[in-house]
Number of protein chains: 2
Amino acid sequence: MRFETSTIKDIAKALGLSTSTVSRALRDRYEISEETKKLVLAYAEKVNYRANPIARSLKERRSYSIGIIVSEIANNFFSQVINGIESIAYDRGYHVIITQTHESHKQEKLNVEHLASRSIDGLLIALSSETQDINYLRDLYAKGLPIVFFDRVPEDFETHKVIANNFKGAFDATEHLILSGKKTIAHLTNSENLSITKERLKGYQAALAKYHIEFKPELVKYCQHGGMHNAELETAVQELIPHKPDGIFISSDRLTTGCIMALKKTNPEIAHRIAIAGFTNSNLVELFSPSLTSVKQPAFEMGQVATELLISMIEAKRPVTEFETKILNTELVRMQKALGNRFL
Amino acid sequence: MRFETSTIKDIAKALGLSTSTVSRALRDRYEISEETKKLVLAYAEKVNYRANPIARSLKERRSYSIGIIVSEIANNFFSQVINGIESIAYDRGYHVIITQTHESHKQEKLNVEHLASRSIDGLLIALSSETQDINYLRDLYAKGLPIVFFDRVPEDFETHKVIANNFKGAFDATEHLILSGKKTIAHLTNSENLSITKERLKGYQAALAKYHIEFKPELVKYCQHGGMHNAELETAVQELIPHKPDGIFISSDRLTTGCIMALKKTNPEIAHRIAIAGFTNSNLVELFSPSLTSVKQPAFEMGQVATELLISMIEAKRPVTEFETKILNTELVRMQKALGNRFL
DNA sequence: AAAAACTGTGCAAACGTTCCCAAAAACGTC
DNA sequence: GACGTTTTTGGGAACGTTTGCACAGTTTTT
């Protein structure tokens with residue numbers, strides 16, 4: 001049970017033309033007489049002709065589709081990035097295939113392979129927190145698959161990248177905690193593999209340094225799986241508590257919400273006495289209790305920029321050799337001492 | 001700059017066989033000698049052969065792709081449904097193309113057309129809150145495109161549907177409010193067009209009736225755009241306040257969070273005195289203040305069931321004429337009188 | 001007035017598969 | 001060893017496009 005549409009052949013037959021002429025009229029290519037073009041266009045309109053993208057793809061050896069790899073779409077940061085990607089992609093005639101790693105390296109690799117076998121024209125990827133080995137990406141890239149990284153980018157991979165100003169975002173958040181009088185500021189963060197982890201750690205350290213606060217490694221907890229497992233988060237929080245932090249700077253969306261959740265669950269008595277500043281693009285922060293200061297990334301814009309770069313690579317006539325790393329500014333949204341959090 | 005892979009032809013040439021033989025060996029079809037099959041398979045493995053899905057699609061006149069239409073992916077309910085869809089689809093060899101309506105009928109139509117022109121094999125759709133006219137879907141369906149509705153389904157459309165037990169979910173939530181002593185229970189809900197709106201209204205009414213509470217139409221507020229615009233929500237809340245509700249039953253994810261947000265913004269003094277029970281699949285409810293009672297839908301399962309039904313339609317030998325409407329149970333998660341909400 | 005250049009069109013091949021049909025090979029039977 | 005039957009293989013068309021090339025018709029150049 002398949003549904004049929006009219007093809008170029010049908011139009012050609014109906015109009016007594018050849019398929020080539022019809023094709024040319026439709027694509028507005030080459031020199032073709034105004035007259036025939038109008039004729040064809042009118043008839044195509046009438047029968048509601050839609051070019052078969054599959055045939056076109058086969059012929060042109062490209063699919064007009066872009067693969068996307070994120071940790072999970074149920075994460076405001078990533079869903080906003082995706083919205084940005086789509087806003088550009090659809091305009092330029094591409095559709096997108098979204099896949100999720102759930103922070104698993106294995107899944108990431110599987111997804112990339114799936115996408116590659118679907119003959120995508122290009123790939124937009126934010127690495128999973130588990131990922132260390134990206135040789136499989138290098139192989140594909142070497143074979144000619146355009147790749148643009150965003151958010152979580154590898155260090156030694158020559159291609160376009162789009163990231164937030166993680167250093168500054170982390171610095172601002174930490175400084176904010178310091179300026180609100182916090183003395184013992186912990187740092188809960190993602191897997192050490194990730195670029196964002198490193199950059200945000202540096203921003204945290206720089207803020208401490210600026211105010212002459214000693215950096216204590218025991219105040220930094222890493223979550224290898226990016227907080228995908230509750231146990232992971234709860235352990236991290238448990239290990240932090242004995243050091244009596246009065247502030248925590250958290251480095252990702254998932255971790256931020258997860259950490260508050262864990263705090264409330266395991267240490268409800270102090271949950272409201274620890275100030276929290278964290279990276280998150282959740283649009284529900286205003287509802288959270290305890291409330292928090294958040295670092296928002298320009299997610300939508302990040303998606304747009306990454307997509308533009310990717311499409312420029314896909315459509316480049318000659319291999320691209322000049323690459324850029326775009327750095328977008330974050331925004332610090334200070335905690336609101338709202339009614340719901342009087343006792344803070 | 002395109003990247004090349006080996007094709008069936010290459011294999012045939014290298015092995016001195018015909019393409020038909022290679023194809024048969026690869027697809028394990030027909031009768032083919034064990035020997036040649038092994039030979040081909042081994043060689044294919046060696047050169048890492050991947051069948052070109054585009055060529056296959058062209059030949060078989062199907063794309064092995066499923067279109068999905070939801071309001072927005074940045075909504076836990078829908079992102080969970082999508083996860084459910086993917087879990088089945090990928091296993092069965094389909095990939096999915098996700099599109100968002102942002103509750104706009106125009107966008108919905110645009111998306112459907114886009115997907116249809118991408119020659120999807122089937123469509124999974126939850127209608128936008130604005131949608132009233134679904135004739136364009138009927139046309140496609142009549143032409144042979146399999147469609148399965150989930151969550152927001154039309155009344156008069158003969159096909160498979162998967163929904164939650166909206167009546168019971170609404171009844172339970174409302175009853176919960178009543179049993180916690182609330183007397184004036186308002187109902188904030190979605191556009192009147194939607195099936196879920198009607199069913200949940202009925203559940204709300206039934207619960208009131210059971211406890212002999214008079215149903216007052218002025219306590220019901222509809223949001224035509226499903227709460228996509230803040231103004232819409234704030235107006236609705238403003239109109240509700242004069243009736244002094246001590247409880248509100250809210251009928252969707254977006255509205256639930258939006259309503260709390262609006263309450264906190266415009267009427268902070270009473271925000272914590274109004275008990276809230278609402279449909280939401282947010283995994284962050286535990287963080288919300290004021291806290292609330294939530295009705296959770298089996299979103300993941302809904303995605304799975306819908307996909308199974310859709311694939312069964314796609315792969316059916318003869319046109320399907322027997323349709324089912326699967327109804328899945330919701331779960332009531334009672335408000336936790338947690339630390340963060342002492343003053344409730 | 002013939003040669004050259006340009007226009008608009010059609011023919012046919014190609015993209016990588018699948019699959020019908022027929023041919024070839026292998027086997028069994030008398 | 002001739003014949004029929006079964007198994008295995010190859011040829012080639014088809015899916016719906018795009019596009020290089022050729023060719024006819026028209027216009028320009030010399």
Side-chain angles (χ1 to χ4, degrees), chain A residues 1-41 43-44 47-65 93 116-121 144, chain B residues 1-41 43-44 47-65 93 116-121 144:
Chain A
M1 165 155 148
R2 204 65 35 238
F3 67 124
E4 74 230 22
T5 48
S6 48
T7 73
I8 262 189
K9 269 189 198 162
D10 300 335
I11 298 184
K13 197 168 292 173
L15 261 39
L17 292 169
S18 75
T19 57
S20 12
T21 308
V22 175
S23 170
R24 279 192 276 255
L26 254 19
R27 327 224 65 234
D28 198 15
R29 276 185 69 75
Y30 263 69
E31 24 282 346
I32 180 134
S33 77
E34 261 322 295
E35 212 176 344
T36 0
K37 192 159 85 188
K38 265 191 202 143
L39 186 73
V40 172
L41 256 31
Y43 187 79
V47 298
N48 192 29
Y49 169 79
R50 292 284 120 112
N52 180 330
I54 294 180
R56 197 153 108 90
S57 291
L58 181 60
K59 182 66 203 177
E60 296 190 355
R61 314 175 90 180
R62 48 187 299 203
S63 60
Y64 292 96
S65 65
S117 81
R118 284 280 170 194
S119 46
I120 49 166
D121 293 343
Chain B
M1 165 157 148
R2 204 64 37 237
F3 67 123
E4 73 229 24
T5 47
S6 47
T7 74
I8 263 190
K9 268 189 200 165
D10 300 335
I11 298 184
K13 197 167 294 174
L15 261 39
L17 294 168
S18 74
T19 57
S20 4
T21 309
V22 176
S23 172
R24 276 191 283 255
L26 255 19
R27 326 223 67 235
D28 199 14
R29 274 186 71 75
Y30 263 67
E31 23 282 347
I32 177 130
S33 78
E34 264 317 301
E35 212 176 345
T36 3
K37 193 160 84 186
K38 264 190 204 144
L39 186 71
V40 171
L41 255 30
Y43 187 79
V47 299
N48 191 29
Y49 169 79
R50 292 286 119 109
N52 180 330
I54 295 180
R56 197 153 109 89
S57 292
L58 181 61
K59 180 66 203 176
E60 297 190 353
R61 311 174 93 180
R62 48 187 300 203
S63 60
Y64 291 96
S65 64
S117 81
R118 285 279 170 195
S119 46
I120 48 167
D121 293 343

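In what follows, chains carry the letters A, B, and so on, assigned in the order in which the sequence lines appear, proteins first and then strands, with residues in each chain numbered from 1. All values below come from the heavy atoms of this structure, side chains included, with hydrogens, waters and symmetry mates left out.
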*Asks:* Quick check for you: to the nearest 0.5 Å, what is the distance between B:Ile54 atom CD1 and A:Lys59 atom NZ?
*Replies:* 14.0 Å

*Asks:* With rounding to the nearest 0.5 Å, note down the distance linking CZ in B:Arg24 to CG in B:Leu17.
*Replies:*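 One gets 10.5 Å once the value is rounded to the nearest 0.5 Å.
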
*Asks:* Given atom CD1 of B:Ile32 and atom C1' of C:dT18, what is their separation to the nearest angstrom?
*Replies:*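 Distance, rounded to whole Å: 13 Å.
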
*Asks:* Donor-acceptor pair under 3.5 Å: do we get one between A:Lys59's side chain and the base of D:dT17?
*Replies:*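 By the distance-only test, no, there is no pair.
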
*Asks:* With the side chain of B:Arg24 defined as its heavy atoms from C-beta on, choose the nearest nucleotide among C:dC21, C:dT18, C:dG10.
*Replies:* C:dC21

*Asks:* Any heavy-atom pair between the side chains of B:Thr7 and B:Asn52 that's under 4.5 Å?
*Replies:*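 No, every pair of side-chain atoms sits at 4.5 Å or beyond.
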
*Asks:* Quick one: which of B:Val40, B:Val22, B:Ile11, B:Asp10 gives a side chain to side chain contact (heavy atoms under 4.5 Å, CB included) with B:Tyr49?
*Replies:*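 With B:Tyr49 as partner, B:Val40, B:Val22, B:Ile11, B:Asp10 yield a single side chain to side chain contact (heavy atoms under 4.5 Å, CB included), made by B:Ile11.
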
*Asks:* Looking at A:Arg61, does any N or O in its side chain come under 4.0 Å of the phosphate oxygens OP1/OP2 on C:dG16?
*Replies:*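 So the side chain of A:Arg61 is within the cut-off, an N or O lying under 4.0 Å from OP1 or OP2 of C:dG16.
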
*Asks:* Between protein and nucleotides 23-28 of chain D, map the contacts as a letter string: B base, S sugar-phosphate only, - none, heavy atoms under 4.0 Å, written 5' to 3'.
*Replies:* ------

*Asks:* From CG of B:Leu26 over to P of C:dC19, roughly how many Å is that when rounded to an integer?
*Replies:* 13 Å

*Asks:* Whole Å only: how far is the CD atom of B:Glu60 from the P atom of C:dC20?
*Replies:* 12 Å

*Asks:* Rounded to the nearest Å, what distance is computed from the CG atom of residue A:Leu58 to the P atom of nucleotide D:dT18?
*Replies:* 12 Å

*Asks:* Is there a side-chain polar atom (N or O) of B:Arg56 under 4.0 Å from OP1 or OP2 of D:dC15?
*Replies:* no

*Asks:* For the side chain of B:Thr7, counting heavy atoms from C-beta on, which of C:dG16, C:dT18, D:dT17 is nearest?
*Replies:*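 It is C:dG16.
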
*Asks:* So A:Leu17, base contact, sugar-phosphate only, or nothing? Heavy-atom distance under 4.0 Å.
*Replies:*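 Counting heavy atoms under 4.0 Å across all strands, the contact made by A:Leu17 is with sugar-phosphate only.
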
*Asks:* Whole Å only: how far is the CG atom of A:Leu15 from the P atom of C:dG8?
*Replies:*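 Rounded to the whole Å, the gap is 17 Å.
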
*Asks:* Using a heavy-atom cut-off of under 4.0 Å over every strand shown, decide if A:Thr36 touches base, sugar-phosphate, or nothing.
*Replies:*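 Since only primed, P, OP1 and OP2 atoms lie under 4.0 Å of A:Thr36, the category is sugar-phosphate.
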
*Asks:* Examine distances only and state if a side-chain atom of A:Asp121 and a backbone atom of A:Arg62 form a donor-acceptor pair shorter than 3.5 Å.
*Replies:* no

*Asks:* Which listed nucleotide (D:dT17, C:dG16, C:dG10) is nearest to the side chain of A:Asn52?
*Replies:*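 The nucleotide sitting nearest to the side chain is D:dT17.
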
*Asks:* OH of B:Tyr49 versus P of C:dT17: gap in Å, rounded?
*Replies:* 3 Å

*Asks:* At what distance, to the nearest 0.5 angstrom, does CD1 of B:Ile8 lie from CZ of B:Arg27?
*Replies:*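 The CZ atom of B:Arg27 is 8.5 Å from CD1 of B:Ile8, to the nearest 0.5 Å.
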
*Asks:* Base, sugar-phosphate, or nothing: which does B:Ser20 touch, judged by heavy atoms less than 4.0 Å apart?
*Replies:* base

*Asks:* Check the side chains of B:Ser20 and B:Ser23 for a donor-acceptor pair under 3.5 angstrom, ignoring hydrogens and angles.
*Replies:*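 Checked: B:Ser23/B:Ser20 side chains show no N/O donor-acceptor pair below 3.5 Å.
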
*Asks:* Rounding to a whole Å, what distance do you find between B:Glu35:CD and C:dA26:C1'?
*Replies:* 13 Å

*Asks:* Let me know the distance between CD1 of A:Ile8 and C1' of D:dT18, rounded to the nearest Å.
*Replies:*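 Spelled out: CD1 on A:Ile8 to C1' on D:dT18 is 8 Å.
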
*Asks:* Say you draw a straight line from OG of A:Ser119 to CG of A:Leu58; how long is it, rounded to the nearest 0.5 Å?
*Replies:* 9.5 Å

*Asks:* Taking the minimum atom-to-atom distance to the side chain of A:Ser33, which one of C:dT9, D:dT18, C:dT17 wins?
*Replies:*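 The listed nucleotide nearest to A:Ser33's side chain is C:dT9.
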
*Asks:* Report all interatomic pairs (protein N or O, nucleotide N or O of nucleotides 23-25 of chain C) with separations under 3.5 Å.
*Replies:*
none

*Asks:* Going by heavy atoms in the side chains, are A:Ser18 and A:Thr21 under 4.5 Å from each other?
*Replies:*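 A side-chain contact exists here, since the closest heavy-atom pair is under 4.5 Å.
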
*Asks:* Hey, is the side chain of A:Ser23 poking within less than 4.0 Å of OP1 or OP2 on D:dT17, counting only N and O atoms?
*Replies:*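 So the side-chain polar atoms of A:Ser23 never come under 4.0 Å of the phosphate oxygens OP1 or OP2 of D:dT17.
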
*Asks:* Considering only heavy atoms from C-beta outward, does the side chain of A:Ser117 approach that of B:Pro53 to under 4.5 Å?
*Replies:*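 Result no, sub-4.5 Å side-chain heavy-atom pair not found.
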
*Asks:* Go nucleotide by nucleotide along DNA chain C from the 5' end; which of A:Thr21 and A:Ala55 gets its closest nucleotide reached first?
*Replies:*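 Residue closer to the 5' terminus by nearest nucleotide: A:Thr21.
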
*Asks:* What nucleotide among C:dT17, C:dC11, D:dC15 has an atom nearest to a side-chain atom of A:Lys9?
*Replies:* D:dC15

*Asks:* Would a 4.5 Å heavy-atom cut-off, applied to side chains only, mark B:Arg50 and A:Arg118 as touching?
*Replies:*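 Heavy-atom side-chain distance check fails, nothing below 4.5 Å.
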
